[in-house]
Structures are given as structure tokens and as C-alpha cells.
Amino acid sequence: MVRVRFAPSPTGYLHVGGARTALYNWLFARKNGGRFILRIEDTDRTRYVPGSVDDIMESLRWLGLVWDEGPYFQSARIQIYREHANLLLEKGHAYRCFCSPERLDELRKEQMARGLKPGYDRKCRSLPAEESSKLAKEGKPFVIRLKVPLDREIVFEDYLRGTIKVKGSELEDIILLKSDGFPTYHLANVVDDHLMGITHVMRADEWIPSTPYHIFMYEAFGWEAPVFAHLPVILAPDGKGKLSKRHGATSVLEFRKMGILPEALVNFLALLGWSPGGDREIISLEEMIELFDLRKVGKRGSVFDFNKLYWMNSYYIRNKDLKELLVLSKPFYQDAGIELQEKDDNTLLNILSLYRERVKTLSELPAVTKYFFTDDIEYDPEGLKKHLSSKEKFLLIREFTKTLVEIDSFTKERIEQKLREFATEKGVHPKELIHPIRILLTGKTIGPGLFELMEVLGREACIRKLERGISILENAN
RNA sequence: GGCCCCAUCGUCUAAGAGGCUAGGACACCGCUCUUUCAAGGCGGCAGUAGGGGUUCGAGUCCCCUUGGGGCCA
């Protein structure tokens with residue numbers, strides 16, 4: 001049975017790069033009827049950031065990537081790693097190293113000075129077993145290092161990249177267990193992947209250089225290695241290096257705060273490095289499970305294009321069920337300081353039907369629809385200059401406002417009819433009224449069709465806003 | 001610097017394991033619809049990094065160069 005895992009370190013929020021790795025793992029598990037496991041690699045206490053674990057789990061849940069097992073915490077499994085380090089010691093594939101940090105430091109300096117590549121000189125590798133045990137019993141601090149094979153190559157098949165070979169002599173005798181008894185990433189990762197029955201390791205390709213160590217450890221333990229598939233990284237929009245904070249949002253929850261829909265983010269992330277083939281662009285999580293094929297995942301890094309994400313998000317927003325959109329939008333109004341009552345639901349529903357195809361993110365909503373909730377409107381100065389600068393125009397609109405009470409049923413059709421009749425009567429083009437009225441009602445020159453807008457606003461609000469606007473602006477002129 | 005990975009429009013990508021006039025999407029630019037803005041429709045711009053092979057035929061296979069990225073420092 002297929003078993004995959006997502007194994008983040010709790011060193012901060014969940015980055016979109018990590019989210020995509022999680023997504024591919026999740027898809028692979030779903031596709032193959034396997035299990036998706038969440039493991040928290042928290043053995044490095046110095047890099048631990050409180051709150052990370054909650055952020056990571058919240059992010060995954062929001063994206064819909066629910067795990068089948070876990071979270072397992074490595075910090076609760078320290079004893080297991082120690083035992084396994086000792087196992088390698090017994091098998092002769094690891095050794096105790098008693099070199100002090102001072103010696104290592106000096107060694108490095110000397111190597112640098114001589115223009116050599118810095119690295120451990122394997123001094124303790126040749127320490128006789130009895131000597132090693134004796135020093136350990138005496139309480140001399142030590143680390144446990146991996147005894148990499150110096151005389152051969154380490155070869156493995158990457159599922160995406162094919163054969164990768166590295167000469168053993170290029171490798172270092174990396175530390176497996178630190179002097180405080182805590183495991184390094186390499187040890188804990190390999191031990192856990194084996195013990196947890198992981199069949200496929202999908203991780204970022206920055207791990208390619210450490211994979212030979214992992215392969216050798218599997219050999220040394222006498223275990224069968226899982227299949228490795230190293231996923232390409234996500235690059236910054238400038239194409240230089242990995243996507244990081246300075247390029248804008250990178251955390252999953254940050255995108256949620258911006259009003260990105262989870263299905264949009266998932267869809268976008270999925271297509272960053274993978275394509276189902278053909279021209280498919282909009283794909284739901286369910287369809288992805290059907291279509292996903294690890295073989296079709298690309299090898300090269302992909303640039304994170306915010307534009308495309310926004311486009312995709314706007315697509316999902318305008319195709320979203322209005323009632324669902326209502327629930328999703330409310331928090332954004334809350335954050336913007338607009339208090340909504342239960343009775344506002346209907347209005348908001350109507351507002352959303354007017355605006356869902358005009359916004360790219362949910363967070364834009366409060367600002368552009370604020371005029372529904374207040375008469376205190378900021379009028380666009382450019383718009384005023386263009387559409388509402390003459391005395392006559394004010395008079396005309398004031399007169400039109402009075403006719404609004406005559407409309408028997410305040411629907412967009414009847415309002416339009418009324419306005420067009422009025423315009424004809426006065427010998428002006430309907431535009432001459434439409435533009436200034438939109439500004440008076442909304443403060444803006446752009447927005448939904450005027451008549452549907454007025455219908456949603458309602459007769460009273462329209463009259464009130466028009467009169468108020470005219471009196472303020474006339475005096476200001 | 002050493003080792004490793006990668007290479008199709010500006011960006012994301014397609015071209016089932018050689019047959020192509022190199023397809024789609026985002027962005028951009030026109031036109032259209034229209035009361036503005038969106039959305040929609042129609043159209044345009046734009047790419048196989050360079051050089052050698054293999055082959056009747058190469059984006060697809062091999063080598064070199066160049067460029068980008070990662071890891072170790």
C-alpha cells in the first residue's frame with residue numbers, strides 16, 4: 001500500500017512551496033488509495049517557532065489536504081533515534097567522534113587557508129573500538145558520525161530525474177546523533193520514513209544532495225529504500241532564487257487573509273510544475289485526484305506568477321455559489337469595520353451578485369461596496385470634474401431624483417425606462433445622467449450597471465444619497 | 001570554489017517514449033458588446049538558449065558551451 005508523508009519543520013508558517021509539496025503527496029495518496037501522513041520534524045529545538053504547528057495544520061485543513069495519520073512528533077521519538085544510531089555503531093557503519101568544536105573550527109580554518117574544501121578529516125574514524133568505548137564510558141562527549149563508503153559510488157533512481165550517482169569520496173561523514181543525544185535531520189528522517197512504512201518520498205529538490213546519505217543509511221540498516229521523487233522548487237517572480245517574503249505573500253494563511261479562495265490556490269499550485277496534459281486549466285481537487293500523474297510532474301523550477309493566481313481566483317469567485325460567497329465574505333467586512341446584521345444578508349447577497357465578477361480577491365469587497373452601508377461617500381474628484389461640473393447637471397439630477405417616487409415598482413427595468421424617458425424629455429443623452437448618478441451613489445466612476453445597482457440600493461437610499469450628494473457638492477463648488 | 005539538478009513565448013505549460021504551420025492559459029495590445037468597469041466573444045504580439053552530432057526527418061536522443069537554480073561551506 002502506498003504511504004506518503006509531509007514532514008515540515010515547525011520553523012514558521014506553511015509556505016506555498018511546502019503547500020505544493022503537501023498537495024502532490026496528498027494527490028498521490030488519494031490517486032493510489034494510499035495514506036497521507038503528517039509528521040512534524042521538530043528535533044532542532046533552536047529553530048522551533050511556537051505556533052508553527054498550528055499554522056501548518058490550519059493551512060492544510062483550509063486547503064482541503066487532510067492527513068490520514070498523525071501528526072507524529074519527532075521530539076517524542078528521541079529514544080528511537082538513539083537506538084538506531086547505536087545500531088549503526090554496532091554494525092560498523094557509524095563511529096563515535098570525540099573531536100571538540102574547537103578542533104573542528106581550527107581544522108576548517110586551516111583547510112580554508114590552504115584552499116582546500118572544508119570538511120571533517122575523519123580523524124576518529126580509525127579509532128579502535130575499545131578505545132572508542134572506553135572514552136565514551138569515561139563520559140567524554142561525542143557525536144555519532146556516518147561511515148560513508150569511500151571506495152564506491154552511491155547510486156539511486158529518482159522517479160523524475162532518473163539515475164543520480166555520487167562518488168562516496170565526495171561525501172562527508174555526516175553527524176547522525178549530536179553530543180546532546182538529539183538526532184540530526186538525516187537520522188530522524190530516514191528512521192521515521194522506514195518505521196512509518198513510507199513507500200514514496202516526494203520532497204523539494206533541495207534535498208537531492210543529501211539523498212545519497214539517506215540511500216546509504218538504508219543500505220547500512222539493511223532496509224529497502226522508498227521511491228524518491230524530488231520536486232522542483234517554486235521561484236520568485238523575478239526568476240532569481242526561491243520565492244521568499246520579500247516578493248510578497250508566501251504563507252498559505254496570508255493568501256487566505258488576502259481573500260484568495262482555497263480552491264484557487266490549490267488549482268494554481270497544482271499547475272505550478274504539473275499539468276494533466278492538454279489545455280485543462282481549471283481543475284477541482286476531485287478532478288485532480290483522477291488526473292494526477294507523478295510522471296507528468298516537471299523537473300524545472302517554476303516562477304510564481306501572482307497575476308495568474310489573481311486571474312484564477314477571480315474565476316473561482318465569479319463562479320462561486322452566492323450563498324457560499326456570502327459566508328466567506330462576511331469576515332472581510334468585519335475586518336474592514338463594517339458591522340453586518342443578520343438582516344443585511346439579503347442585501348449582501350445582492351451586492352455579491354453585482355460584484356463577484358468584478359473583484360480578484362474577497363478582501364477588495366468592503367472597500368468597493370462600502371457605499372451600501374454608509375451615506376458618507378468619498379467622491380472621485382476626477383469623476384466629478386468629468387461628469388458633474390455644471391450647475392445645469394445638478395438641477396437636472398435633482399429634478400430626476402424627484403421623479404423616482406413615481407416609479408411604481410422599483411426594479412431595474414422600470415428605473416431604466418424612467419431614466420430614458422426623462423432623458424428624452426430633456427433632450428440629453430442617457431449617459432449624461434447615468435455617469436453623474438453613479439458617482440453620487442457610489443462615489444466612483446466604475447462599477448456595476450447603474451440600474452441594477454439602484455434596484456439593490458432601493459428607492460429610499462437612492463433618493464437620500466442623491467439629495468445628500470447634490471447638496472454637499474453644490475455648496476463645495 | 002567543489003558537487004548536484006535544470007533548460008519550449010515575459011510567465012505557467014502542451015506536443016501519449018522522433019512526423020509540427022510548435023497548441024493552450026496568464027499578462028500585454030487591438031476590435032466587439034455596452035451607461036462606466038468588469039465578465040464574455042473575436043483577433044494580434046511572442047518561444048524550442050547556442051554549437052556540434054545520430055537520423056530520410058530532432059523541441060523530443062547523444063556530446064560540448066552558455067545560462068539559471070540547489071546543496072556544502
Side-chain angles (χ1 to χ4, degrees), chain A residues 104 108-109 111-112 115-120 154 156 158 160-172 174 204-213 230-243 267-283 293 295-315 317-319 353-360 364 368 380 382-383 386-387 412 415-416 419-420 423 428-439 441-442 444-454:
Chain A
L104 262 23
R108 183 172 305 119
K109 275 182 200 149
Q111 287 165 328
M112 299 284 267
L116 296 169
K117 58 180 173 190
Y120 182 56
I154 301 219
F156 70 98
D158 185 279
L160 297 173
R161 291 155 211 274
T163 309
I164 296 178
K165 306 177 191 179
V166 183
K167 288 192 200 68
S169 55
E170 297 283 352
L171 302 176
E172 267 207 81
I174 51 162
D205 68 8
E206 64 203 39
W207 292 107
I208 292 177
S210 35
T211 306
Y213 296 110
H230 287 95
L231 275 16
V233 284
I234 294 181
L235 272 16
D238 60 13
K240 298 199 187 308
K242 287 192 276 188
L243 182 70
N267 193 159
F268 175 75
L269 251 21
L271 259 29
L272 217 52
W274 168 74
S275 159
D279 297 340
R280 293 295 302 279
E281 293 279 346
I282 301 294
I283 314 168
D293 178 0
R295 278 255 118 89
K296 299 199 95 171
V297 170
K299 295 192 277 275
R300 62 167 195 266
S302 2
V303 170
F304 192 97
D305 182 359
F306 283 89
N307 259 327
K308 189 150 184 175
L309 172 62
Y310 289 142
W311 165 76
M312 204 166 259
N313 198 51
S314 68
Y315 177 89
I317 288 177
R318 66 178 178 268
N319 288 288
S353 76
L354 295 182
Y355 278 93
R356 70 175 156 178
E357 65 181 37
R358 275 168 245 265
V359 291
K360 290 189 179 336
E364 296 162 39
V368 291
D380 171 21
E382 289 295 311
K386 195 168 170 200
H387 299 294
K412 56 178 189 285
I415 301 166
E416 176 162 11
L419 184 137
R420 290 193 186 277
V428 298
H429 190 101
K431 281 185 188 177
E432 298 296 315
L433 296 164
I434 290 172
H435 292 312
I437 291 175
R438 178 182 286 105
I439 293 172
L441 294 176
T442 71
K444 300 180 200 319
T445 57
I446 57 169
L450 183 66
F451 308 115
E452 34 187 357
L453 189 99
M454 289 176 75

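To find a chain, count down the sequence lines: A is the first, B the second, and so on, and within it residues start at 1. Hydrogens, waters and symmetry mates play no part in the numbers below; they use all other heavy atoms, side chains included.
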Could you pull out all donor-acceptor pairs under 3.5 Å where a side-chain atom in residues 301-313 of chain A meets a protein atom, sequence neighbours excluded?
residue   : atom : partner   : partner atom : Å
Asp305(A) : OD1  : Asn307(A) : N            : 3.0
Lys308(A) : NZ   : Glu281(A) : OE1          : 3.3
Asn313(A) : OD1  : Leu261(A) : N            : 2.7
Asn313(A) : ND2  : Gly259(A) : O            : 3.1
Asn313(A) : ND2  : Lys360(A) : O            : 2.6

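Ranked by how close their nearest RNA chain B nucleotide is to the 5' end, Thr445(A) and Gly119(A) are led by Thr445(A).
Look at A25(B): its Watson-Crick or wobble partner, with both distances under 3.5 angstrom, is U11(B). C3(B): Watson-Crick or G-U partner is G70(B), with both key distances under 3.5 Å. When both pairing distances are held under 3.5 Å, C20(B) makes no Watson-Crick or G-U pair with any nucleotide shown. Judged by Watson-Crick or G-U wobble contacts below 3.5 Å, the nucleotide C33(B) has no partner. Base pairing analysis places U48(B) opposite nothing; no Watson-Crick or G-U wobble pair with both distances below 3.5 Å involves it. Across all strands shown, G57(B) forms no Watson-Crick or G-U wobble pair with both key distances under 3.5 Å.
Nearest heavy-atom pair across Arg300(A) and Pro232(A) is O-CB, 3.3 Å. Contact between Pro212(A) and Val166(A) at its shortest, heavy atoms only, is CG-CG2, 3.7 Å.
Comparing G59(B) with G47(B), their P atoms sit 15 Å apart, to the nearest whole Å. Using atom P as the reference point in both A7(B) and C33(B), the two lie 46 Å apart (nearest Å). Nucleotides C45(B) and C62(B), compared at atom P, are 34 Å apart to the nearest Å. Comparing the P positions of C20(B) and A15(B) gives a spacing of 14 Å, expressed to the nearest Å. Distance noted for atom C1' between U65(B) and C31(B): 46 Å (whole Å). If you take atom C1' in U55(B) and the same atom in C61(B), they sit 10 Å apart, rounded to whole Å. Between G18(B) and U11(B), the distance separating the two C1' atoms is 28 Å to the nearest Å. Across G52(B) and A39(B), the matching P atoms stand 46 Å from one another, rounded to whole Å.
Note: CG (Leu441(A)) to C1' (U36(B)) measures 13 Å, nearest angstrom. The interatomic distance linking Ile282(A) (CD1) with C26(B) (C1') rounds to 11 Å, in whole Å. Leu104(A) has its CG atom 16 Å from the P atom of C72(B), to the nearest Å. If you take OH of Tyr120(A) and C1' of G2(B), they are 21 Å apart, rounded to a whole angstrom. The distance between atom CD1 of Ile234(A) and atom C1' of G69(B), rounded to the nearest whole Å, is 14 Å. Between the CZ atom of Arg438(A) and the P atom of U34(B) there is a distance of 16 Å, rounded to whole Å. The interatomic distance linking Arg356(A) (CZ) with A38(B) (C1') rounds to 13 Å, in whole Å. When rounded to the nearest whole Å, the span between CG of Leu309(A) and C1' of A25(B) equals 14 Å.
Atom CG of Leu231(A) is separated from atom CD1 of Ile208(A) by 10.0 Å, given to the nearest 0.5 angstrom.
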Protein-to-nucleotide contact annotation, 5' to 3' order, nucleotides 3-20 of chain B [B base; S sugar-phosphate only; - none; under 4.0 Å, heavy atom]: SSSSSB--SBBSS-----
Side chain to side chain contact (heavy atoms under 4.5 Å, CB included), that's the test. Do Thr211(A) and His230(A) meet it? Break it down for me. CA-CA 10 Å; Thr211(A) 306; His230(A) 287 95; 3.1 Å; yes
Tell me, with the steps shown, if Asp205(A) and Leu160(A) meet side chain to side chain contact (heavy atoms under 4.5 Å, CB included). CA-CA 11 Å; Asp205(A) 68 8; Leu160(A) 297 173; over 6 Å; no
Could you go step by step and tell me if Leu450(A) and Arg438(A) meet the side chain to side chain contact (heavy atoms under 4.5 Å, CB included) rule? CA-CA 6 Å; Leu450(A) 183 66; Arg438(A) 178 182 286 105; 4.1 Å; yes
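Under the 90° criterion around 0 for the glycosidic angle, G16(B) counts as syn.
Using a distance-only test at 3.5 Å, with no hydrogens or angles considered, no donor-acceptor pair links the side chain of Arg356(A) to the main chain of Arg358(A). The backbone N or O of Lys412(A) lies less than 3.5 Å from no partner atom in the side chain of Glu452(A), so there is not a single donor-acceptor pair.
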N/O to N/O distances under 3.5 Å, protein versus nucleotides 39-44 of chain B:
residue : atom : partner   : partner atom : Å
A39(B)  : O3'  : Arg318(A) : NH2          : 3.3
G40(B)  : OP1  : Arg318(A) : NH2          : 3.2

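Between Arg420(A) and Glu416(A) there is a salt bridge, since a side-chain N of the basic residue sits under 4.0 Å from a carboxylate O of the acidic one.
Inspection of the His387(A) and Thr445(A) side chains reveals no N or O donor paired with an N or O acceptor under 3.5 Å.
Residue Tyr355(A) is classed as having no contact, given no heavy-atom separation below 4.0 Å to the nucleic acid. As judged by a 4.0 angstrom heavy-atom cut-off over every strand, Pro232(A) is placed among residues making no nucleic acid contact. At the heavy-atom level, Arg280(A) lies nowhere under 4.0 Å from the strands shown.
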